[in-house]
Amino acid sequence: MNRYEKLGKDPIARENEILASWQSTDAFRKSLERTRGGPRYVFFEGPPTANGKPHFGHLIPRVYKDLFPRYKTMRGFYVERKGGWDTHGLPVELEVEKAIGVNSKPEIEAYGVERFVQRCKESVWRYKADWERMMERMGFWIDLEDAYVTYTDAYIETLWWELAQMFERGFLYQGHKVLPYCPRCGTGLSSHEVAQGYRTVEDPSVSVRMRLVSDAGSSYKLERSGRTSLLTWTTTPWTLPANVALAIAPDEVYVEVETGGERLILAKARLGDALDHEYAVVRELAGRDLVGLRYEPPYPLLSDERAYRVLGAGFVNTEEGTGIVHTAPAFGEDDYALGQAEGLPFLHPVDLRGRFTEEFALCAGAFVKDADRTIIEDLKGRGLLYRFALYEHEYPFCWRCDTPLLYYAADSWYIETTAVKEELLEHNAHIKWYPEHVGTGRFGDFLENLKDWALSRDRYWGTPLNLWVCAGCGKTIAVASRDELVERAEDKALARAVELHRPYVDAVRLVCPACRGTMTRVPYVIDAWFDSGSMHTAQWHYPFENEDRFRENFPADFICEAMEQTRGWFYTLLATSTILHGELAYRNVIATGLGLDESGLKMSKSKGNVIDPWQLIDLYGADTLRWYLLSSSAPWNSKRLGEADVKEPLYRFLDMLRNTYDFFALYASIDGFDAAVHRAREEDLAVLDRWILSRLASTTQGVVTCLDSYDAMAATVLLEAFLDDLSNWYVRSSRRRFWRGGMEGDKVAAYATLYRALVDLVRLCAPFVPFISEAIFQRLRGVQDPESVHLCEYPVGEAERVDLALESQMAFARKVVSLGHQARNEAQIKVRQPLRGAAACGSLAAGPISLPEAVLALVAVELNVERVEQVGNLDTYVQPVPAPNFRTLGPRLGPLAPRAAGWIKSQPGALLKEQLAQGPVEAELGGERAAILPEDVSFATGLADGFVLVEDAGIRLLLDTRLDEELTEKGLVRELVHRIQLLRKEAGFEVTDRIEVRYEGDRVLEACLAANRDPIASEILAVAMESGLRGDEEHRQDLVIDEGHVTIGLVRVGRPGPR
RNA sequence: GGGUCUGUAGCUCAGCUGGUUAGAGCGCUCGCCUGAUAAGCGGGAGGUCCCUGGUCCGAGUCCAGGCAGGCCCA
C-alpha cells in the first residue's frame, strides 16, 4: 500500500543515503559504461593543489565542472573525467619551509635538498582526503582513482618530451633579463605571480644632484663648472650605487636654473614641483642637447669610459620626478634595455639574497631596502641630496612570503611564446568564452601584449629542466625521454633508476655527443604552470603510451575554472597546445567569479574570512549549494556565500519539488497507482493534463537549448517556472481528481500525467541537483527503468506535445485567478465564500486569448465563483477613462505628442469614446490642431456598485460580490466542512479514515448540517451524521461560526482501505 | 595609469531589439487557503533605475563625460 515513500525533511540524511547507494551500485562507473560507445565530449580537469584545504571558492567552478559533464553523459556522450593533482611549485616549498622552520635557500641546502624534496612530496597530499571528501559529498563525479599527478616520473617524462620538442624547434632560449625577483625565495617570478602581490606602500623618494664634470661630446656648454648639477629622482635609493647613466627625453624642453647659489638642470615641465627654493631660469635647452654630458655619480664604483653619461631614452617622461632618470641596468627593465642598446657596463653590487656585496663597502652585507636610510644619510652628508620625501605607490611583494621583490637582471630560460603570437590569437578567436568579454578583453589583450614565458625557477621542488650543458665545449642538449637519458648517461644504471627530481637527477652526468666531455644538468626546475598547462598531453603519458587516448581526448570541449586562471591555466594550456600540437586546447571555457563572504568581501586567507564549506554543506546539503550557485546569477558574477543567501533556494525550489513529490506519493500510494499498469488514454487527458505536458515539453526543449549553449542560469529559471506551474497550478487544480474514489479514466490520466511530469522533471534536474533528483527517481522508478536517474537519457522534449496556444490560455487563466484573489482581498470576502460570478477581459502581450470552457471552469473553481465568463470588454460596468497611446502618437505627432496626451486625458471618456468610434477627432493643442485617431487612445476603468474591478498588465477582472441567501448558505457549508476537516486532523485521523459525526448546536447551524448532510458527509468521509452527542466520541469540540455555536463529535468507524 | 565588468526595492538579482503604471525571489507587514500543512496563495509598504549632459516625440535601455565598487594588468 505505501508504495511511494515520502522524501523526509532531512536533506542531509537523504543525501548521505544516496551517496551510499551510488557507492554500492558504482553509479558513476556505470554512467561511463552506458555511454562508452557514444560520441566523445572531452572535459579537462584543472588540477587542484592538495597541500591547501579546499575552501568555498573552490566549489564555484566545480559546480559547473560537474553539471555539463553530467548533462552530456545523459545525452549519450562519453565523458571521461580524469581527475588530476597539481603537485609542484613554490607554494609547496613554502609550506615545508614553514613546517621545518627555515627561511632561505642556504638553510634548505643545510637541511638537505633530498630531505626537503621528500617533505614536499608528502606535503602535497596533506589535504587530499579533505578534497576527496568534499568532492564526493558534493556529488562531483570525477575519476579520482585514475587521476594524473604532475610529480610522477611518467608525467615529467612527457614534460621533458615537450620541452625537448620546443628546444629542437628553437623555442627555448636562455636570456639575461630583468625579472621581478624574490630575494628570500631566491628565484625569479613570472608575471602572473607578481600580479598577486601588489600593495600600496610608502617608500622614500629622493632628488639627487649629479655634478657635471665635462661637456665634451655634447652640444651643451658648461658655464659654472663644479657647481652645476643634473637633478635626478628615484624611489629606490638603494639602486643609486648601481647607477651607470642618466636618461633624458630628447624631445622635451629642459632648463638650467640658478637657485640657492648653484645651477640645476631639469625638465621645464617639472619646474613647479621639483624645486624647493626661489630660482631663475638661466637658459632653455632641448633634451637632445644634454646627450653626451658626463657627470659624477654618487658612488663611482666603476672606472669605465662607457659609464656615467647622459643618454636619450624613449621611456623618460616629465609626469613626475625631474625628467632626468637615474639608470641602473641591473635593477630595471627599461634600464637594462637601455644599457644593452647603449653598450653600458653592468654593475650589480647585490647578491642573490638581496644584500650588498663588498663592492659597495658603505652598506656591505645590508639588505638593500634597509640600506636606503644609510645611503640617504650619506648623500645628505656629502651635499648631494636635494630633497627627501615619502612617496606612496604600488610595489610588488612576493605573493607567498611577502618579501619586497627586487627587479634583478638574472639568467633565465624562456619559451619564445611571442613567436606563435599570431597562432595564439587565431586559436583564441575560435574559443567560445563565457563570458565573451574575457576572451576578447582580458585574455585577448594579454595575448596582444604577450611576453616570452619565463620558464626556469632557481628552486628545488619542481619538474627539473631537462637541459644538460657540456663543461668542455658548452654544447647544450635537451633530453626527451628516460631512454635518451640512459643512452647518454655516464652511469646508465643510475640513469635507469633515478627519480626525475632534484637532487637525484642532478647526479646524472651525460657524455657530450660533440666532445665526449661531461655534461651536467642546469640547476633549474620549471614553472609549475607548465606542468598543469601540459595536462592535455602529459595526463596520458603521451607520446610514450596511450596515443589513441590522447587523440580521442584532444582538444577539450569544455573547461571551467575561476577567472584568476585567465593568465594562468587558461593561458598555459593554450600556449603549450599551440606550440606542440598547433591547435587550441579547448573549445568552450567558463570563467567563474569570486567567492565573497557574507558581507560581500573577497574570501582570502589573509583576511581570515574564508568560509568552511562544511559549515554550509552540513546545514543545507549539497543540492542546496549547487542550486544556489547555479541559479543565483551568471557563473562569472561573484557569489556571496552567506548563510542567508544560500538558504533561499532551499525554500524556493527544492522544498517545492519535495512537496510536489510528497503529494503524489501520498495519494498514489493510497490508490495503488502503478505507472506500468495504469496508463492514460489520450482521450482521457483533461485540459490540465494536456497543458502541463505541453509545458513539460517546451520547458524540456528550453533547458536543452540553454545547456547546449552553457547557460545554466537560464535553464534554472525555466525549471523553476515549470515547477511553479506544476505545483501551484497543476497539482493544486487537480487535487479533487485525486480525491475521487475508484480509478477511472480521468483519475488515471491525472496520476499518469503527474507521474510523467515528475519523472521527467527529475531527469531534467539530475545534472543540477543530483541528490534529490535521484531520491525521487528511486521512489518513482519501475522495474524496467534504469537503476539511477543518472543512467537515464536526458529528455529532449516531445515537439508534438507543445501547444503554445494552450500555454498562453493557461498563463492568462492564472493571471485571471491572481486578479480574482486580489479582487476578493479588496472586497474583504474570503475565498471560502462562494460568489455568483466574475468576468474577465483583456489579452496577453502575445495577442488576444480566448479561454475554452474547461479552462474557465478551472478558474471558477479556484476563485470559488459559480461562473466565470470571458468578455470582449467590460463597458456595461465601466465608465471609460481615456489614456494616450504613445506608440502611435509619438511617431505621428512628434513634439506635439505630450500635449496631445494631455488633451486626451482631459476629455470626458464616454464622449470621446463615442466620437472616436466615428473616426478621427480634432484636438486643439495650445494653438495647434491635430487629429486624434482611434488607435491613439485606450480606455480604462470606472465602476458600478456591488462589483470590484482589478486590472494588471492589460487584463481586467470584474468580480460580482453581491451575496444572497443561497450563497451565504453555501459559504456556511464550506465553513463547516473546513472546520470538521481541521478536527479530523487535530484528532490525528488518517486521511482515509471513515468517521461518524454527531452534533448539537444552534438552530441555524443544525439546520444547515441537516439540509446539506450528503455533500458535507462525502467531503469529510462521514458514513453517518446525526444530531445529538452521546459522550463516547473520540474527538469533540465547540465551534463558533458566524456567532453561532455548534459542538461536533467525531468517531472513527474503521479503515475500509482505498476509497 | 590601462583593460574589463558592475551600479535597478532593505538584501540577491531579472529587465530582449528604446514605448503607457520598472519586475521577481527573499525580508517586513496585513490577509487568505489548506484532504500537500515544518507547504501554498494574494494584498500592502518599500525605487532620484549612480550622477551630469546628449540623441529622440519618448531613455532603466542608445551615446559622451564623470562618480563609486569589483576583478585583471602595469
Side-chain angles (χ1 to χ4, degrees), chain A residues 6 9 191-192 194-196 198 319 394 396 435 437-438 440-446 448-449 562-564 566-567 591 593-594 596 600-602 628 631-634 636-640 642 644-649 651-653 655-656 658-667 670 713-714 717 720-721 724 727-729 731-732 735-736 738-739 817-826 828-832 862 864 883-901 938 940 950-954 977-978 981-982 984-985 989-993 1019-1021:
Chain A
K6 286 209 176 188
K9 283 155 194 160
S191 53
H192 50 257
V194 178
Q196 316 228 11
Y198 275 90
E319 312 266 297
E394 298 271 298
H437 65 79
V438 172
T440 51
R442 188 174 293 205
F443 195 61
D445 289 349
F446 174 68
E448 288 289 350
N449 301 308
M563 192 86 73
E564 300 95 270
T566 304
R567 287 156 203 238
L594 294 166
L596 307 177
L601 294 169
K602 179 178 178 173
Y628 167 67
S631 68
S632 62
S633 63
W636 47 86
N637 289 348
S638 35
K639 301 255 186 331
R640 201 185 274 222
D645 306 285
V646 173
K647 195 159 74 176
E648 207 182 299
Y651 299 116
R652 192 177 61 204
F653 185 73
D655 268 3
M656 202 188 277
R658 171 174 66 80
N659 265 289
T660 306
Y661 167 75
D662 279 351
F663 174 89
F664 171 85
L666 176 63
Y667 292 107
I670 290 171
M713 192 185 82
V717 170
E720 287 185 358
D724 180 71
S727 173
N728 289 328
W729 190 243
V731 169
R732 187 179 170 81
R735 280 181 297 194
R736 291 202 159 257
F738 296 108
W739 299 337
V817 166
S818 172
L819 289 170
H821 284 139
Q822 189 178 333
R824 278 183 170 273
N825 227 318
E826 272 178 31
Q828 298 276 312
I829 298 176
K830 298 177 175 188
V831 176
R832 225 178 290 138
E862 188 60 27
N864 196 16
N885 179 9
F886 285 94
R887 274 185 193 275
T888 56
L889 285 171
R892 200 175 77 247
L893 297 182
L896 273 179
R899 267 190 275 166
S938 57
V950 287
E951 172 165 22
D952 186 55
V977 167
H978 168 58
Q981 298 287 25
L982 286 181
R984 285 182 59 115
K985 195 169 300 171
F989 297 171
E990 296 293 326
V991 290
T992 48
D993 287 337
E1019 283 293 313
I1020 62 176
L1021 299 187

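Side chains included, hydrogens not; waters and symmetry mates left out as well; all remaining heavy atoms used. Convention: sequence-line order gives letters A, B, ...; per-chain numbering from 1.
Residue whose closest nucleotide on RNA chain B sits further toward the 5' end, between A/Thr660 and A/Asp724: A/Thr660. Residue A/Leu666 is the one, among A/Asn728 and A/Leu666, whose nearest nucleotide of RNA chain B lies closer to the 5' end (criterion: closest heavy atom).
Across B/rC33 and B/rC56, the matching C1' atoms stand 50 Å from one another, rounded to whole Å. Comparing the P positions of B/rG23 and B/rG46 gives a spacing of 15 Å, expressed to the nearest Å. Across the C1' atoms, B/rA14 and B/rU55 are found 27 Å apart, a figure rounded to whole Å. Rounded to whole Å, the P atom of B/rA36 lies 41 Å from the corresponding atom of B/rU20. The separation of B/rA59 from B/rG54, taken at their P atoms, amounts to 12 Å, rounded to a whole angstrom. With P as the reference atom, B/rC16 and B/rG60 are 13 Å apart, rounded to whole Å. With both ends at atom P, the span from B/rU21 to B/rC73 equals 47 Å, rounded to whole Å. Taking atom C1' in both B/rG10 and B/rG47, the straight-line distance is 11 Å, to the nearest Å.
Counting to the nearest Å, the C1' atom of B/rG40 and the CD atom of A/Glu720 are 16 Å from each other. Atom CE of A/Met713 and atom P of B/rG25 are 15 Å apart (whole Å). In this structure, CG of A/Asn659 is placed 14 Å from C1' of B/rC41, rounded to the nearest angstrom. The distance from atom CE of A/Met656 to atom P of B/rA38 is 16 Å, rounded to the nearest whole Å. Rounded to whole angstrom, the span from the NZ atom of A/Lys6 across to the C1' atom of B/rA39 amounts to 10 Å. Here the P atom of nucleotide B/rC13 and the CZ atom of A/Phe653 are 20 Å apart, to the nearest Å. Residue A/Phe664 contributes atom CZ, which lies 19 Å from atom C1' of B/rA39 at whole-angstrom precision. Straight-line distance from the CD atom of A/Glu862 to the P atom of B/rC33: 12 Å, rounded to whole Å.
Base pairing of B/rC49 is not made with any nucleotide, judged by Watson-Crick or G-U wobble geometry with both donor-acceptor distances under 3.5 Å. The partner of B/rG69 is B/rC5, judged by Watson-Crick or G-U wobble contacts that both fall below 3.5 Å. With a cut-off of 3.5 Å on both Watson-Crick or G-U wobble distances, the partner of B/rC33 is given as none. Using N1 to N3 plus N6-O4 or O6-N4 for Watson-Crick, or N1-O2 and O6-N3 for G-U wobble, each under 3.5 Å, B/rA24 pairs with B/rU12. Pairing for B/rG19 goes to B/rC57, judged as Watson-Crick or G-U wobble with the two contacts each under 3.5 Å.
Applying the salt bridge (charged side-chain N to carboxylate O under 4.0 Å, His left out) criterion to A/Arg732, with sequence neighbours excluded, gives A/Glu862. Applying the side chain to side chain contact (heavy atoms under 4.5 Å, CB included) rule to A/Asn864 yields the partners A/Arg824, A/Val831, A/Pro834, A/Arg974; only residues at least two apart in sequence or on another chain are considered. The ring pair (Phe, Tyr, Trp, His ring centres under 6.0 Å) test applied to A/Phe663 returns A/Tyr667, A/Phe738, not counting sequence neighbours. Shown here are the salt bridge (charged side-chain N to carboxylate O under 4.0 Å, His left out) partners of A/Arg984, two or more places apart in sequence or in another chain: there are none. A/Asp724 meets the salt bridge (charged side-chain N to carboxylate O under 4.0 Å, His left out) test with A/Arg814; sequence neighbours excluded.
Side chain of A/Arg658, nearest nucleotide from B/rA39, B/rG35, B/rA38: B/rA38.
Contacts of A/Val817 with the nucleic acid, taken as non-hydrogen atoms under 4.0 Å apart, are absent.
A/Arg735 has no side-chain polar atom (N or O) that falls below the 4.0 Å cut-off from OP1 or OP2 of B/rG35. Contact annotation: A/Tyr667 reaches the phosphate of B/rA36 (side-chain N/O to OP1 or OP2, under 4.0 Å).
Judged by distance alone with a 3.5 Å cut-off, no donor-acceptor contact links the side chain of A/Ser727 to the base of B/rA39.
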Protein-nucleic acid N or O pairs under 3.5 Å, nucleotides 15-19 of chain B:
{"unit_1": "B/rG19", "atom_1": "O2'", "unit_2": "A/Arg887", "atom_2": "NE", "d": "2.9"}
{"unit_1": "B/rG19", "atom_1": "O2'", "unit_2": "A/Arg887", "atom_2": "NH2", "d": "2.6"}
{"unit_1": "B/rG19", "atom_1": "N2", "unit_2": "A/Phe886", "atom_2": "O", "d": "3.4"}

Give each protein N/O atom lying under 3.5 Å from an N/O atom of nucleotides 2-8 of chain B, with the pair distance.
{"unit_1": "B/rG3", "atom_1": "O2'", "unit_2": "A/Asp445", "atom_2": "OD2", "d": "2.6"}
{"unit_1": "B/rG3", "atom_1": "N2", "unit_2": "A/Arg442", "atom_2": "NH2", "d": "3.4"}
{"unit_1": "B/rU4", "atom_1": "O2'", "unit_2": "A/His437", "atom_2": "ND1", "d": "3.0"}

Report each atom pair, protein N/O against N/O of nucleotides 59-63 of chain B, whose distance is under 3.5 angstrom.
none

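Heavy atoms only, all atoms of each residue included: A/Ala591 and A/Met563 are closest at CB-SD, 3.7 Å. Heavy atoms only, all atoms of each residue included: A/Met713 and A/Ser631 are closest at CG-O, 3.7 Å.
From A/Asp662, atom CG reaches atom CG of A/Asp655 across 10.0 Å, with rounding to the nearest 0.5 Å.
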